[in-house]
Structure formats: C-alpha cells, structure tokens
Peer 1: 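Would you mind keeping the following structure in view while I ask a few things?
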Amino acid sequence: MEQDMVKEYGTVEYNGIQTISIIGEIEGHDCLSQNAKTTKYEHLLPLLAKIQQNKDIKGVLFIMNTVGGDVSCGLALAEMIATMSKPTVSLIIGDSHSIGIPLAVSTDYSYIVPSATMIIHPVRMNGMVLGTPQTYSQFQQIQDRILDFISAHSNAEKKNLEKLMMNTSMLSKDLGTVLVGKEAVEAGLIQEVGGIHQAYEKLVSLTEE
C-alpha cells in the first residue's frame, strides 16, 4: 500500500512525518498531456484531509519544484495546507513559480535551496479572452486573491509584490521577476535558505512544541 501511495501521489510517511512532493504543473480543471509532469489537485485534497485526521502523523513536509499551473486549484491547495492543524514546512528545491508561490508560503515555515528560483508574474489566461472592462476586472480580482494570500502568509507586503509582478526589465517575453535563493528570503516570501536537513529539523522541532 505504501508503495502504491508513493507511485500515485509522490508521498511517503516515516516516523510520523509525511513528505509530499509538489512537482511539474498543478493540474486543475483541465487534464494536461500525458507527457507532462503534473501534481493533480484532486489527488492531494483528499490526501491532505486524511493526514489531518490521522493521529499518527505529526507533521508534513512539502518538497516543491513546480512551474505553476491552474490558479484556482493551486490556491485551493494552498488554503487547504494553510488551515491544517498539524505543523507544516515547505522546501523549494528547484522552482516555485506563479501559483507555486502561494503553495510555498502556505506552510508554517519555509525554506529555499540557494539555486532554486521563484517567478512572480501577472495572472495569465488561456483560450479566448474578451477585451472588455469586465475581463480586466476579473483578472484584477484573481490577482488580488493571490497577492492577498501571499502577503497574509509571508513577510512580503502586497505593494512590493505588485512591483515585482509588474517588472518589465527582467523577463524577455513577459512581465515579472525571478528571485533566486536568498533573494526570495530578502523579498520576504521565504523564511530561510536551507535544504532537506534543515527542513526536517525544523519540522521535528515544530511537532515537539
């Protein structure tokens, strides 16, 4: 059963600590190509609910390497993580872009390895988009939801996040900002530069409080 869980969810439990990987693209309401690496939110939601109810699990470590994905589903996962009663820690080991940022900051404590990156950029939408004031208002509302969540769960202020999001000097084909390692800490998004050892040590200390 444990092997099946590792294969299906990218998760493993040992000594009361659950480790969950959030990788590739957050797959939401639409199915992605079979060749794409994804984290399926409809798999993680019941898994998180099960962990919340499992008295044997003391804490959860989320290992992050995601390029972003479905906004509403990624935000739903972030809200789920943020409202868990068990101690949680996130560790960014590769990338945590776009909607991966709310996921990374949703835990009780967060780490990023020196070479990992975070990209913050404006909300994008696929498919046909109507050029109307209502469309702009919808985009702004979605963007505000994301920024409000990030600022509420990190040390980054909303105004500074908006500046990073609207930066025109860094990305060649897009607006936004790339933060590498300690820059994410300096921006107030992540709490500390560290790796797997520090993340597990912190999580164990949180479970003992």
Side-chain angles (χ1 to χ4, degrees), residues 1-28 32 34 36-70 73-118 149-150 153-154 181-182 184-185 189-209:
M1 178 62 180
E2 184 175 86
Q3 289 180 344
D4 290 340
M5 290 285 284
V6 172
K7 181 179 179 181
E8 186 173 0
Y9 299 113
T11 178
V12 65
E13 186 268 330
Y14 184 72
N15 280 350
I17 300 296
Q18 189 89 33
T19 303
I20 298 175
S21 61
I22 298 180
I23 56 113
E25 190 166 350
I26 308 301
E27 185 179 82
L32 299 176
Q34 290 184 347
K37 288 286 187 181
T38 65
T39 295
K40 299 178 184 294
Y41 94 111
E42 72 271 21
H43 288 179
L44 280 189
L45 287 177
L47 177 62
L48 294 174
K50 183 177 180 180
I51 291 170
Q52 173 65 32
Q53 298 176 75
N54 190 333
K55 296 179 180 179
D56 294 327
I57 297 177
K58 302 173 184 177
V60 189
L61 173 67
F62 295 90
I63 298 178
M64 311 280 300
N65 188 5
T66 176
V67 294
D70 190 295
C73 298
L75 199 55
L77 281 173
E79 291 281 11
M80 191 83 159
I81 294 168
T83 54
M84 294 181 75
S85 64
K86 298 176 186 290
T88 55
V89 170
S90 63
L91 170 63
I92 304 171
I93 58 169
D95 303 306
S96 189
H97 299 170
S98 190
I99 200 62
I101 296 177
L103 286 165
V105 306
S106 66
T107 55
D108 298 320
Y109 205 85
S110 56
Y111 287 91
I112 186 170
V113 298
S115 63
T117 65
M118 303 181 81
F149 183 92
I150 295 172
H153 292 87
S154 71
K182 66 178 182 179
V185 177
L189 287 171
I190 301 300
Q191 286 159 298
E192 194 172 339
V193 174
I196 189 71
H197 174 67
Q198 291 84 356
Y200 272 122
E201 275 200 338
K202 182 64 177 181
L203 187 54
V204 170
S205 71
L206 291 174
T207 64
E208 294 174 348
E209 291 180 359

Peer 1: Quick one: pull up SG in C73 and CG in L45 and give me the separation to the nearest 0.5 Å.
Peer 2: 8.0 Å
Peer 1: Looking at every non-hydrogen atom in both residues, tell me the closest pair between V105 and L189 and how far apart they are.
Peer 2: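 Shortest heavy-atom separation between V105 and L189 comes out as CG1-O, 3.3 Å.
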Peer 1: Suppose we screen for salt bridge (Lys or Arg N to Asp or Glu O under 4.0 Å). Which residues come up paired with K58, at least two apart in sequence or across chains?
Peer 2: none
Peer 1: Evaluate the side chain to side chain contact (heavy atoms under 4.5 Å, CB included) criterion for residues I17 and Y200: first the C-alpha distance (whole Å), next the side-chain angles of each, then the deciding distance (0.1 Å), finally the verdict.
Peer 2: CA-CA 9 Å; I17 300 296; Y200 272 122; 3.7 Å; yes
Peer 1: I need the I112 CD1 to S90 OG distance, nearest 0.5 Å.
Peer 2: 9.5 Å
Peer 1: Hey, what do you get for CG (L91) to NE2 (H197), rounding to the nearest 0.5 Å?
Peer 2: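 Atom-to-atom, L91:CG and H197:NE2 are 12.5 Å apart.
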Peer 1: Looking only at non-hydrogen atoms, find the nearest pair between S85 and Q52 and report the distance.
Peer 2: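 Residues S85 and Q52, closest heavy atoms: OG-NE2, 2.7 Å.
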Peer 1: Can any side-chain N or O of T39 pair as donor or acceptor with the backbone N or O of I23 at less than 3.5 Å?
Peer 2: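 Judged by distance alone, yes, a pair lies under 3.5 Å.
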Peer 1: Can you measure from OG (S106) to CE (M84) and round to the nearest 0.5 angstrom?
Peer 2: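 Answer rounded to 0.5 Å: 10.0 Å.
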Peer 1: Report yes if the side chains of T107 and V60 come closer than 4.5 Å at any heavy-atom pair, otherwise no.
Peer 2: no
Peer 1: So, the side chain of E79 versus the backbone of A76: is there a donor-acceptor pair under 3.5 Å, distance only?
Peer 2: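 No: the side chain of E79 does not pair with the backbone of A76.
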Peer 1: How far does NZ of K50 sit from CD of Q18, to the nearest 0.5 angstrom?
Peer 2: 8.5 Å
Peer 1: Mind listing the closest non-hydrogen atom pair of I26 and I99 along with its distance?
Peer 2: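 The pair with the smallest heavy-atom distance is CG1-CG2, 4.1 Å.
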Peer 1: Quick one: does F149's side chain get under 4.5 Å of L75's, heavy atoms only?
Peer 2: yes
Peer 1: Quick one: closest heavy-atom pair of M118 and A184, and the distance?
Peer 2: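 Smallest heavy-atom distance, with atoms named: SD-CB, 3.6 Å.
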Peer 1: Which atom pair, heavy atoms only, marks the closest approach of M80 to L48?
Peer 2: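 In this case the closest contact between M80 and L48 is CG-CD1, 3.7 Å.
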Peer 1: So how far is it from S110 OG to I190 CD1, rounded to the nearest 0.5 Å?
Peer 2: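 It is 4.0 Å, given to the nearest 0.5 Å.
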Peer 1: From the options T19, T88, L103, select the one residue that forms a side-chain contact (heavy atoms from CB on, under 4.5 Å) with F62.
Peer 2: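 Going through T19, T88, L103 one by one, the side-chain contact (heavy atoms from CB on, under 4.5 Å) with F62 is satisfied by T88 alone.
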Peer 1: Report the C-alpha distance between I22 and L44 in whole Å, list the side-chain angles of each, state the deciding distance to 0.1 Å, and finish with yes or no for side chain to side chain contact (heavy atoms under 4.5 Å, CB included).
Peer 2: CA-CA 9 Å; I22 298 180; L44 280 189; 4.2 Å; yes
Peer 1: Could you check if a side-chain atom of N65 sits within less than 4.5 angstrom of a side-chain atom of S21, using non-hydrogen atoms only?
Peer 2: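 The answer is no, as the side chains (C-beta and beyond) never meet within the 4.5 Å cut-off.
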Peer 1: Determine the minimum heavy-atom distance between N15 and E13, stating which atoms define it.
Peer 2: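 In this case the closest contact between N15 and E13 is N-OE2, 3.9 Å.
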Peer 1: Would you call the rings of Y111 and Y109 parallel, tilted or perpendicular, taking 30° and 60° as the class edges?
Peer 2: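 Because their plane-to-plane angle lies in the 30° to 60° range, the rings of Y111 and Y109 count as tilted.
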Peer 1: K202 side chain to V89 main-chain N or O, any donor-acceptor pair under 3.5 Å?
Peer 2: no
